[in-house]
Amino acid sequence: MPFTVATWNVNSVRKRLDQVARLARDTAIDVLCLQETKVVNELFPVDAITDMGFPHQAIAGMKGYNGVAILSRRPLSDVRIESWLGRDECRHIHAKVETGTGPVEVHSLYVPAGGDDPDPDANPKFAYKLAFLDALAPFLAARAAGSLPVVLTGDFNVAPLESDVWSHQRLKRTITHTPVERDKVQDLLAGDDDGSEGWTDALRRYVPADEKVFTWWSYRAADWRAADKGRRLDHIWVNAALAPALSFAAVHDTARDWPEPSDHAPVRAVFEIP
DNA sequence: ATGGTGGTTAGACCA
C-alpha cells in the first residue's frame, strides 16, 4: 500500500475547510501537515476534519498567527511540540504514524518569514529567522542520520535553488531567496558536515534542478498563473532511512485556482513502504 | 521607490 504525505500552508484552517476537504477528496493522502492554522486548539475544527477522513489530529495553535497541525487517517503517537529559541510560537509539531511495517516520524514545520529588510542588523525578524534555522540544525542533523524513517514537511519560507523563484536576479535581495538563508537551508539539507548522509528533497527528485517549480504565489498578483511570479517555499524532505521508499512528489497547484485559495499550494509525496 | 491582497480581529500585526 502506498503511503502519502502532504504539506499545505492553508493561511487559516477555518477559512480553508472546504479546500482541505476538496484536497482530501481529490487526492489520496494519509497524512496532511498544515501550517498557519491561525487558531487556538480549543477552536480547531476537529469534527469537520474527522469527517474528511482524518480522525487523528495533532495540533499546536495560538491566537491569530502561526499554528501547525498533523492530520492523519492512521493513529498518531509520540506527539511533540518543539519550541525553538525559547519561544512558544506553535511552529513545529511532530508525531509517529504507523504504516503497517513500522513507524514513520512526520514533522510539520513553519519557519519564520523574516520580514522585509534583508539586513539582520536592522531587521530583528530576519535575525530571528536566521537564528531559528541555526537552532534547527543539530536537531535535523540527528534526524537525518537516524535509523527511524522521517519525513520533514512544511513552509520553510526559503527558496533555496535559483530555479525555486521566478527570477533569481530580481529576488536575490528579497527575503526567502537571499544568499545567507539559501546557504543555511542547503546546509540543513546536506546534513552534518562530518560526511554523514543528509536529506532527500522529495520534489526535486522528480523536477530537475534547472526547471522552475513553485509552491507559493502572492495574493497581490492579479493573474497568478499568467504572471507565474512564484517561489518554492514549501518542502518535503526525507531522511536516508525513508528515501528508498519515495516513489513520487508533486505540487498540487490546481488548489491555487480554487475559490478563496490559500496563497500556498499543497505539496505531496508518495512512498511505497515495503 | 511604491503598492498591490488576504487573515485575524477590532487597530494594527502578520504574511
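Just so you know, these numbers come straight off a predicted model, no measurement behind them. Sequence lines set the chain letters: A, B, ... in the order given, protein chains first and strands last, and positions in each chain run from 1.
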Can you check the A/K38 NZ to B/dA15 C1' distance for me, whole Å? 6 Å
Would A/R74 and A/D30 count as a salt bridge (charged side-chain N to carboxylate O under 4.0 Å, His left out) if you check the C-alpha gap in whole Å, the side-chain angles of each, and the deciding distance to 0.1 Å? CA-CA 7 Å; A/R74 314 179 192 200; A/D30 295 292; 3.5 Å; yes
Looking only at B/dT5, B/dT8, B/dC14, the nucleotide nearest the A/R220 side chain is B/dT5
Salt bridge or not between A/R80 and A/E82? Use side-chain N to carboxylate O under 4.0 Å. yes
Hey, which sits more toward the 5' end of DNA chain B by its nearest nucleotide, A/A221 or A/V13? A/A221
note: A/H264, atom NE2; B/dG7, atom P; distance rounded to Å ~ 13 Å
Any salt bridge between A/R231 and A/D263, counting N to O under 4.0 Å? no
Counting just side-chain N and O atoms, does A/S218 come under 4.0 Å of either OP1 or OP2 of B/dT5? no
Distance check, C1' atoms only: B/dG4 and B/dA15, in whole angstrom units. 14 Å
Nearest-angstrom distance from the residue atom NZ of A/K15 to C1' of B/dA15: 16 Å
Given that both distances must come in under 3.5 Å, which nucleotide forms a Watson-Crick or G-U wobble pair with B/dG7? B/dC13
Rounded to whole Å, how long is the line connecting atom OH of A/Y219 with atom P of B/dT5? 13 Å
If you take the centroid of each ring, where Trp contributes its six-membered ring, are A/H92 and A/F139 closer together than 6.0 Å? yes
Whole-Å distance, A/K63 NZ to B/dG7 P, equals 18 Å
Below 4.0 angstrom, N of the basic side chain to O of the carboxylate: do A/R173 and A/D119 qualify? no
Any residue of residues 113-128 of chain A with a heavy atom less than 4.0 Å from an atom of DNA chain B: A/A113, A/K125
In whole angstrom, what separates A/R14's CZ from B/dG6's C1'? 15 Å
Give me the distance, rounded to whole Å, that separates B/dG3 from B/dG7 when you measure between the P atoms they each carry. 22 Å
Would you please test A/V68 and A/L109 for side-chain contact (heavy atoms from CB on, under 4.5 Å) and show each step? CA-CA 7 Å; A/V68 288; A/L109 174 67; over 6 Å; no
Whole-Å gap separating C1' (B/dG7) and CG (A/D263): 10 Å
Verdict with reasoning, A/D26 to A/R268, per salt bridge (charged side-chain N to carboxylate O under 4.0 Å, His left out): CA-CA 12 Å; A/D26 287 2; A/R268 211 165 64 91; over 6 Å; no
Whole-Å P distance, B/dG6 and B/dT2: 23 Å
Whole-Å distance separating the CZ atom of A/F44 from the P atom of B/dT8: 13 Å
Could you tell me which nucleotide pairs with B/dT2 by Watson-Crick or G-U wobble geometry, both distances under 3.5 Å, or answer none if nothing does? none
